[in-house]
Protein chains: 2
Amino acid sequence: MEQRSANISREMSLLKERMQQNHYKSTPQRDEIAEWIFRTHEHFTVDALVSNFREQGKKVSQATAYRVIQMMLELKLIEEHDFGKDYKFYEHTPGHEHHDHIVCIDCGKIIEFSDQGLESLKEKITLKNGFRMKEHHLTIYAECTTCPPDKKGFKKKGA
Amino acid sequence: MEQRSANISREMSLLKERMQQNHYKSTPQRDEIAEWIFRTHEHFTVDALVSNFREQGKKVSQATAYRVIQMMLELKLIEEHDFGKDYKFYEHTPGHEHHDHIVCIDCGKIIEFSDQGLESLKEKITLKNGFRMKEHHLTIYAECTTCPPDKKGFKKKGA
DNA sequence: GTATGTGCAAAACGTTTGCAAGTTC
DNA sequence: GAACTTGCAAACGTTTTGCACATAC
């Protein structure tokens, strides 16, 4: 997962490229938000993004944050996840392959995993049912064995 | 999946039993809503539930509908799913085993499948990562081969 | 009779949008 | 300068809640 932070300038080039292709103008807000996203290794929420900017004294309006998120989803530079809370989680995609998630129902820790056998099984099952697979999200809610017993704050809410 | 409609009185007994155990009182509204849920074979939304009652001339307030849903989730009689829309989908659990879903990104059709190999692989992967699996949701977004090309209305929104 | 459940309308939540002012190309 | 982007505050759609009234046990 650490290769995700590898090379921000390459990721920014990718952004610029796709923005041009899709007739998006370059603005300081878009650049700064995208950079923050490419630098962020964890799964983040829009609220976390905006708060983090505020803490650093930079100002981004929520509206712009949400709009940049939409743009980056469209440009396939980030992915959206529902982990059973009422807000969404995001993560950037360049630099790491498709993966699934295990969410600790006690502490909220999110870990990523990817398993080739699992992927081909998904593909096979989808075909067998007469579909062409486009996207797939597997989230496993679990208890982590190392999680201190007082950290009972996450709790699944939806699915 | 058709065994789901098999025996509503058995499912209602289960409801009554768990309601008593959890100190919920029996009311006509709870009974009627639960019956509707046990009789419903598709994945439904709260809005669909309320509309359906209205159409039949029966009245249920939205508030009560949401409250019964919460109760039944707690009693483990229904499951909640996020299929990428801004509202949740529900389905009752008695009478059918755990399964995963394929959602057609064109027409919104939801099909269920269950695969033993997939289940044990999930379990194995979870353990390997140091977790104890509690719940897991796999949703595959796909195109169905039989879907008429004009039915492009569903579209994933989140994940 | 007391605790619990219901219905309404209002609130709450994350997210989206209309619009006037500011930027980009 | 035409088209697009921003920020604000207001609107949105789903879900939750406060409260007065009604019902269950």
Side-chain angles (χ1 to χ4, degrees), chain A residues 15-34 36 43-54 57-75 78 80-90 155-159, chain B residues 15-36 43-54 57-75 78 80-90 154-159:
Chain A
L15 172 76
K16 293 292 165 108
E17 197 181 293
R18 297 197 188 164
M19 278 174 68
Q20 262 179 267
Q21 283 163 3
N22 290 269
H23 311 292
Y24 283 109
K25 289 181 177 168
S26 190
T27 71
Q29 289 92 333
R30 284 173 175 172
D31 288 359
E32 281 184 38
I33 293 171
W36 185 91
H43 298 72
F44 64 92
T45 62
V46 175
D47 190 56
L49 190 163
V50 174
S51 302
N52 203 280
F53 268 77
R54 293 242 165 87
K58 298 180 189 170
K59 58 163 176 259
V60 218
S61 74
Q62 270 203 104
T64 299
Y66 276 104
R67 286 189 273 231
V68 175
I69 292 280
Q70 284 312 315
M71 179 188 76
M72 290 181 76
L73 278 171
E74 194 190 324
L75 301 183
I78 57 176
E80 190 174 59
H81 297 289
D82 185 296
F83 291 140
K85 309 286 277 183
D86 0 294
Y87 37 86
K88 300 282 173 39
F89 285 79
Y90 299 89
K155 288 274 168 297
K156 237 183 98 284
K157 223 216 89 182
Chain B
L15 172 75
K16 294 294 167 105
E17 196 181 295
R18 296 196 189 164
M19 278 173 70
Q20 264 179 265
Q21 283 164 4
N22 290 270
H23 311 292
Y24 282 110
K25 289 180 180 171
S26 190
T27 72
Q29 289 92 332
R30 284 174 174 172
D31 288 358
E32 282 184 38
I33 292 170
E35 259 192 68
W36 185 92
H43 297 72
F44 64 92
T45 62
V46 175
D47 191 56
L49 189 162
V50 173
S51 304
N52 204 280
F53 269 76
R54 294 240 165 90
K58 296 179 191 171
K59 57 163 177 262
V60 220
S61 74
Q62 270 202 100
T64 299
Y66 276 104
R67 286 190 273 230
V68 175
I69 293 280
Q70 283 312 314
M71 178 187 76
M72 290 181 75
L73 279 171
E74 193 190 324
L75 301 182
I78 58 177
E80 192 174 58
H81 297 288
D82 186 296
F83 290 140
K85 309 287 277 186
D86 5 293
Y87 38 84
K88 300 281 172 40
F89 286 79
Y90 299 90
F154 198 71
K155 289 273 168 299
K156 238 184 98 286
K157 224 215 85 178

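Numbered from 1 within each chain, the chains take letters A, B, ... in sequence-line order. Remember, it's a predicted structure, so these values are computed and weren't measured experimentally.
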Interatomic distance, [X] [atom1] vs [N] [atom2] [rounded to whole Å]:
X     : N      : atom1 : atom2 : answer
A:Y66 : C:dT15 : OH    : P     : 3 Å
A:H23 : C:dT24 : NE2   : P     : 19 Å
A:N22 : D:dA3  : CG    : C1'   : 17 Å
B:E32 : C:dG5  : CD    : P     : 17 Å
B:I69 : D:dT15 : CD1   : P     : 9 Å
B:M71 : D:dT15 : CE    : P     : 18 Å
A:D31 : D:dT5  : CG    : C1'   : 13 Å
A:Q62 : D:dA10 : CD    : P     : 15 Å

Say whether, by atom type as modelled, one donor and one acceptor occur between the side chain of B:T64 and the main chain of B:V60 under 3.5 angstrom.
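No, because the side chain of B:T64 does not come within donor-acceptor range (under 3.5 Å) of the backbone of B:V60.
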[X] side-chain proximity, nearest of [options]:
X     : options                : answer
A:Q70 : D:dT15, C:dG14, C:dT16 : C:dT16
A:A63 : C:dG7, C:dT17, C:dG14  : C:dT17
A:K25 : D:dC4, D:dC8, D:dA24   : D:dC4
A:R67 : D:dT17, D:dG7, D:dT5   : D:dG7

(Q) Does any part of the side chain of A:M71, heavy atoms only, come nearer than 4.5 Å to the side chain of A:Y24, both counted from C-beta? (A)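 Yes, at least one pair of side-chain atoms sits under 4.5 Å.
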| query | Between A:T45 and A:K88, do the side chains contain an N or O donor and an N or O acceptor separated by less than 3.5 Å? | reply |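 There is no such pair (donor and acceptor under 3.5 Å, judged by atom type) between the side chains of A:T45 and A:K88.
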- Message: Check this for me: B:E74, atom CD, are more than 12 non-hydrogen atoms of other residues, nucleotides or ligands nearer than 6.0 Å?
- Response: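 Yes, enclosed.
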Sorted by chain and residue number, the side chain to side chain donor-acceptor pair (under 3.5 Å) partners of B:N52 (sequence neighbours excluded) come out as B:W36
Helical bend (five base pairs per end, nearest 10°) for the helix from C:dG1-D:dC25 to C:dC25-D:dG1: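 Axis angle across the helix from C:dG1-D:dC25 to C:dC25-D:dG1, nearest 10°: 30°.
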